[in-house]
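Right, one structure below, let's go through it.
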Amino acid sequence: MEQFDVIVIGSGGGTKIALPAAQRGLKTALIERDAFGGTCLNRGCIPSKMLIYPADMIYAIRNARRVNVYADQQIDGDFSALVQRVTKTVSQMSEHFADKVRQLDHLDYINGSGHFVADKVVEVNGRQLTAPTIFIATGARPSIPEIPGLADTPYMTSTEALRCESLPKRMVIIGASYIACELGHVYEAFGTETHFLVRSALLRQEDDDIRTAFADDFRQRHTLHMGFEPVEVRWEDELFCIRLRHNEKGTEKELYAEALLVSTGVDPVTDDLGLEHTAITCNDKGFIEVDDHLQTAVPGVYALGDCVGNYLFRHSVNFEGEYLMRTLFEAPSDEPIVYGAVPRAVFTVPEMAAVGAGEKQLQQQGVDYVVGRADYADSNMGMARMLENGFAKLLFDRNSRRLLGAHIIGEEASDLIHMLILGLQQQVTVEDLLQMIYIHPALPELIRDAVRDARDQLS
Ligand SMILES: Cc1cc2nc3c(=O)[nH]c(=O)nc-3n(C[C@H](O)[C@H](O)[C@H](O)COP(=O)(O)OP(=O)(O)OC[C@H]3O[C@@H](n4cnc5c(N)ncnc54)[C@H](O)[C@@H]3O)c2cc1C
Ligand SMILES: NC(=O)c1ccc[n+]([C@@H]2O[C@H](COP(=O)([O-])OP(=O)(O)OC[C@H]3O[C@@H](n4cnc5c(N)ncnc54)[C@H](O)[C@@H]3O)[C@@H](O)[C@H]2O)c1
């Protein structure tokens with residue numbers, strides 16, 4: 001049995017612990033069975049955003065006429081070259097980081113599949129390792145719904161869609177959330193005809209006004225089959241045939257397409273971890289159960305990231321890793337994890353970003369709130385850019401005048417939200433947000449205008 005101070009399974013968010021632990025001189029084992037860097041680097045955030053940026057550019061060129069720039073005659077996006085570059089870049093980055101990690105003192109980077117054989121014993125490549133503190137950061141994989149026929153077809157998940165070098169003429173997309181919208185945006189921008197099967201709503205987790213505005217904008221470029229679910233998939237003569245049924249009316253129709261993207265959420269990667277040899281428990285979906293210190297049912301064994309599923313973002317697993325590192329090693333303390341304001345963004349056209357409470361949540365909680373709203377079109381920069389759509393919507397507590405939530409749809413939403421993330425964290429009021437000087441005529445004046453709208457209703 002090999003004795004370590006720290007064992008980490010998974011090199012995505014797990015690196016937030018393994019690397020600083022080794023740098024502190026703790027004898028650390030980092031176990032990874034696939035490419036170094038996990039989902040974000042190899043098949044998630046990074047390659048998707050490397051594809052989304054050129055897609056945004058194509059979209060901007062297509063729409064440049066509104067500001068008297070006529071560049072839309074000859075847009076020639078080389079999708080195949082782009083995908084090859086993205087694939088090469090992320091592979092090189094992964095190998096580069098793995099090489100660096102192999103050179104770190106106190107760190108044993110083990111390429112292999114780890115599984116528990118007892119509460120505190122992990123087996124990998126025939127070696128048995130133990131440590132007083134073990135971290136499980138094994139992530140999640142695409143969840144595949146049980147649709148008759150689907151398993152016998154060459155459908156894609158995000159993993160394949162990010163590496164697909166040929167552009168399909170038509171793509172059917174099952175799902176209506178982050179991955180569906182972001183990858184649908186990429187393919188449509190390069191020329192694919194996109195069809196979304198939307199069971200309930202696009203971005204159903206978002207504030208109603210944002211969802212409605214998003215769908216109104218999105219349907220100008222994508223075909224949305226609202227309320228339809230796939231009931232059968234066939235692969236015939238190099239084409240997918242997808243039979244859809246309306247979930248209320250029961251009507252059916254068939255769609256044919258060269259490509260099918262399944263983007264229906266994720267399942268935790270916990271089924272082959274040997275957890276049955278431990279006291280660690282999972283919920284009915286397989287996510288590892290942890291307490292408010294991210295500790296599993298086995299003292300000294302912690303879990304973080306997608307395999308826990310408190311949030312499913314890279315920024316949230318980073319936060320969890322930093323919390324664990326701080327409270328266990330850097331400044332030991334018994335403080336529970338407090339997530340505060342966890343923001344989110346969907347990188348599409350239109351872009352959206354949000355943090356904090358939505359109206360429905362506040363209504364359910366019986367909170368008395370006001371909504372401050374401002375349209376991009378009415379802001380100076382929005383007017384300069386001739387932006388017709390998009391708005392910021394801020395929710396404030398009527399009594400304390402504190403910010404409770406922020407929702408933005410439109411250009412640079414994922415950047416604009418940042419001042420409001422800090423605002424929520426610092427519990428700022430309407431007055432705090434109006435005391436600062438906004439650069440004129442930068443886009444954040446939109447936020448100021450929304451705060452003024454709220455102030456006018458409060459005074
Ligand atoms: C297409 C796509 C786009 C995304 N875009 C964004 C975005 O823009 N912003 C954002 O915040 N989030 C985004 N996400 C989500 C984000 O990638 C994940 O939430 C995050 O990467 C989860 O990190 P993790 O450390 O929990 O898991 P992972 O990064 O998945 O790491 C888990 C690692 O554990 C390894 N592993 C699993 N089991 C074992 C085992 N038994 N032994 C050894 N190794 C094992 C896996 O190989 C993997 O490398 C995106 C996801 C996808 C799929
Ligand atoms: N920008 C970002 O931060 C970003 C980008 C991509 C992915 N992610 C992360 O990756 C995770 C996975 O993303 P996702 O979009 O696949 O999952 P999701 O869980 O957000 O959405 C799943 C979608 O699939 C639909 N769906 C589920 N089962 C279905 C079925 N049988 N038939 C039809 N529709 C069905 C749901 O209604 C929903 O629209 C997300 O939780 C997200 O946190 C984040």
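Residue indices begin at 1 and follow the sequence shown. Since we're looking at a predicted model, the values are computed, not measured. Ligands are counted one by one from 1 in listed order, and the atoms in each one are counted from 1 as well.
Between G305 and ligand 1, not a single N/O pair is under 3.5 Å apart. For the pair S158 and ligand 1, the shortest N or O to N or O distance does not fall below 3.5 Å. Below 3.5 Å of separation, one finds no N or O of E182 facing any N or O of ligand 1.
Using a 4.0 Å cutoff on heavy atoms, P142 does not count as a contact of ligand 1. Judged by the shortest distance from any of its heavy atoms, R141 lies outside the 4.0 Å radius around the atoms of ligand 1. The closest approach between a heavy atom of H115 and any atom of ligand 1 is not below 4.0 Å. Distances shorter than 4.0 angstrom occur between a heavy atom of S263 and an atom of ligand 2. Taking a 4.0 Å cut-off on heavy atoms, L197 fails to register as neighbouring ligand 2.
Interface of G175 with ligand 2, defined as ligand atoms under 4.0 Å from a residue heavy atom, comprises 24 (O), 25 (C). The F347 neighbourhood of ligand 2 comprises atoms 1 (N), with distances under 4.0 Å to a heavy atom of that residue.
For E248, the CD atom sits in a loose shell: 12 or fewer heavy atoms of surrounding residues, nucleotides or ligands are nearer than 6.0 Å.
Ranking protein heavy atoms by distance to atom 37 (C) of ligand 1, first place goes to T138 O, 3.3 Å.
Ring geometry for H225 against F228 counts as perpendicular: the plane angle is over 60°, on a 0 to 90° scale with 30° as the lower cut.
Q205 has its side chain within reach of Y178: a pair of non-hydrogen atoms, C-beta onward, lies under 4.5 Å apart.
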